Amino acid sequence: MSEPRTVSLDTLHLLAAALLCGERGWPVIPLVPGAKRPTGHPERACPRTGRCAGGHRTPEQRATTDPDLIHTAWAHHPYNVGIATGPAGLLVIDLDMPKEEEQEGAPDGATSFKALCERAGQPYPYTYQVRTPSGGRHLYFTAPRGLRLKCSVKRLAPNIDTRAWGGYVVAAGSTTPQGAYEVAEAAPVAALPAWLVALLTESAKPAEPPTLAPVLDGSKAARTALERECAVIRAAREGGPNGRNATLHRSACKVARFVAWGHIDRRTVEEAVQAAGESTGLPAAECRTTIRSAMEWIVANATPREVA
């Protein structure tokens with residue numbers, strides 16, 4: 001007679017985390033132990049057999065709240081827990097930390113989100129929050145009924161992504177080599193504020209991009225720098241280190257030095273750079289937050305320079 005299989009405490013802990021999500025009505029998927037990617041095969045390697053006999057089933061389609069299926073999946077394997085946000089009726093705002101390749105002084109997601117709330121004249125939302133191993137935060141919200149919100153990357157502001165239909169988040173209780181995902185605020189999950197819904201659903205491209213007004217004040221070097229950087233911003237495209245938001249932040253930092261040196265008025269710079277950013281299709285709120293964070297960092301840290 002074979003010995004009964006021993007189940008580790010880590011496995012039991014993760015099983016409990018998965019069951020708790022299921023009880024909340026949040027469909028879960030198993031993630032690779034110690035990692036953030038789903039188990040199973042990618043679509044390109046789908047055998048089209050078994051559960052995929054009728055076509056490849058994505059992690060979102062495989063997600064479940066069934067306690068029996070959860071017990072079967074997690075009974076003997078320490079899988080991390082993923083929550084399929086769309087089927088769960090959730091929109092999760094991911095406040096991330098700056099990446100190593102980002103420019104020094106780039107704001108983290110929490111700073112960008114606080115600035116976004118201030119700009120909108122809205123309070124910081126009180127809702128269920130999970131602290132990530134990197135030091136970021138996941139803010140959980142119930143998505144508005146009848147509106148199928150999709151995931152977004154930096155649409156709200158730098159280092160702020162959202163997870164909804166087509167995505168998932170790592171649930172509290174999961175661990176990676178960096179550390180654990182832990183509940184940071186055990187509050188009820190709040191409804192997604194209407195002002196955030198508006199920002200996530202507004203047209204990505206203005207019907208008529210704003211026109212830059214002539215710059216009449218400031219030193220010659222400052223005017224030249226502003227005009228040059230606005231041209232760089234308008235030429236930016238989506239994605240990567242040279243994408244629209246990264247370019248906006250980098251160019252705003254360059255021109256902000258002239259503001260710090262007293263060569264040009266801050267309002268003049270912000271209005272011109274804002275118009276250039278919006279002309280690329282970036283949301284107005286995202287532009288304002290990016291410009292403000294760049295401006296405040298450079299103005300506070302720029303080295304003194306003699307006026308030419």
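The structure displayed is predicted, hence computed values, not measured ones.
The side chain to side chain contact (heavy atoms under 4.5 Å, CB included) test with Y168 singles out one residue from L90, V92, I83, L31, and that residue is L31. The salt bridge (Lys or Arg N to Asp or Glu O under 4.0 Å) with R292 is formed by just one residue from the set E286, E118, E270; it is E118.
Looking at R119, its side chain never comes within 3.5 Å of a backbone N or O of L116 through a donor-acceptor pair. Not one N or O on the side chain of S112 forms a donor-acceptor pair closer than 3.5 Å with the backbone of G109. Between the side chain of R163 and the main chain of G167, no donor-acceptor pair closer than 3.5 Å is present. No donor-acceptor pair closer than 3.5 Å links the side chain of R266 to the backbone N or O of V259. Looking only at distances, a side-chain donor or acceptor of S293 sits under 3.5 Å from a matching main-chain atom of T290. In this structure, the side chain of S174 engages the main chain of V81 through a donor-acceptor pair within 3.5 Å. Judged purely by atom type and a 3.5 angstrom limit, T175 has no side-chain atom pairing as donor or acceptor with the backbone of A180. Side chain of W74 to backbone of A18: no donor-acceptor contact under 3.5 angstrom is found.
To the nearest 0.5 Å, atoms NE2 (H56) and CZ (R62) are separated by 7.0 Å. Separation of atoms CZ (F113) and CG (D108) is listed at 13.0 Å; rounding is to 0.5 Å. Note: T64 OG1 to D66 CG = 4.5 Å, rounded to the nearest 0.5 Å. How far CG of L282 is from CZ of R288: 12.0 Å, rounded to the nearest 0.5 Å. Between the OG1 atom of T65 and the CZ atom of R24 there is a distance of 14.0 Å, given to the nearest 0.5 Å. Atoms CD and CD1, on Q61 and I29 in that order, are 11.5 Å from each other to the nearest 0.5 Å.
Follow the hydrophobic side-chain contacts under 4.5 Å out from V130 and you never reach L91; the two are in separate clusters. In this structure, W195 is a member of the same hydrophobic cluster as Y124, with clusters built from ILVMFWY side-chain heavy atoms closer than 4.5 Å. Note on L14: it does not cluster hydrophobically with L69, by side-chain heavy-atom contacts below 4.5 Å among ILVMFWY residues. Y79 and V32 are assigned to two separate hydrophobic clusters, defined by single-linkage of ILVMFWY side chains at heavy-atom distances under 4.5 Å. Neither V273 nor V232 shares a network with the other; the hydrophobic side chains, linked directly or stepwise wherever heavy atoms of I, L, V, M, F, W or Y lie under 4.5 Å apart, form separate groups for each.
I93 places a side-chain heavy atom less than 4.5 Å from the side chain of L196. Taking the side chain as every heavy atom from C-beta outward, P107 and H249 approach each other to under 4.5 Å. In this structure, the side chains of P125 and C117 come closer than 4.5 Å at one or more pairs of heavy atoms. Put simply, the side chain of I291 does not reach to within 4.5 Å of the side chain of T289, judged on heavy atoms. In this structure the side chain of L95 never reaches within 4.5 angstrom of the side chain of N159, judged on heavy atoms. Under the 4.5 Å side-chain criterion, counting only non-hydrogen atoms from C-beta, I70 is in contact with V28. With contacts defined as side-chain heavy-atom distances shorter than 4.5 Å, the pair L199/P283 does not qualify. A 4.5 Å side-chain heavy-atom check between D161 and K154 finds at least one atom pair inside the cut-off.
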- Task: Apply the test side-chain contact (heavy atoms from CB on, under 4.5 Å) to residues T111 and K114: give CA-CA distance (whole Å), side-chain angles for both, the deciding distance (0.1 Å), then the verdict.
- Result: CA-CA 5 Å; T111 299; K114 288 176 183 176; 5.9 Å; no
- Kindly determine whether M295 and C253 satisfy side-chain contact (heavy atoms from CB on, under 4.5 Å), including the steps that lead there. CA-CA 6 Å; M295 189 69 65; C253 284; over 6 Å; no
- Message: Under the criterion side-chain contact (heavy atoms from CB on, under 4.5 Å), I'd like the reasoning laid out for K254 against I298: C-alpha separation, chi angles, the key distance, then a yes or no.
- Response: CA-CA 9 Å; K254 290 179 180 180; I298 296 298; over 6 Å; no
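In terms of heavy-atom proximity, A284 sits nearest to Q274 at O-NE2, 3.1 Å. Nearest heavy-atom pair across Y128 and A172 is OH-CB, 4.0 Å. The shortest heavy-atom contact between G277 and L248 is CA-CD1, 4.2 Å. Contact detail for R51 and G40: the closest heavy-atom pair is NH2-CA, 4.2 Å. Smallest separation of non-hydrogen atoms from I233 and T247: CA-CG2, 4.0 Å. Listed here is the closest heavy atom pair of R155 and T201: NH2-C, 4.0 Å.
In this structure, F258 and H263 have tilted ring planes: the angle between them lies in the 30° to 60° band.
By the 4.0 Å N-to-carboxylate-O rule, E271 lies close enough to R267 to be salt-bridged with it.
The list of salt bridge (Lys or Arg N to Asp or Glu O under 4.0 Å) pairs with a residue in residues 173-194, not counting sequence neighbours, reads R131-E182.
Hydrophobic cluster membership of W165, counting Ile, Leu, Val, Met, Phe, Trp and Tyr whose side-chain heavy atoms lie under 4.5 Å apart directly or via other members: none, as it forms a cluster of its own.
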Could you pull out every donor-acceptor pair under 3.5 Å between side chains of residues 134-153 and any protein atom, sequence neighbours left out?
residue	atom	partner	partner atom	Å
S134	OG	T132	OG1	3.2
R137	NH1	Q129	OE1	2.7
S152	OG	T162	OG1	2.6

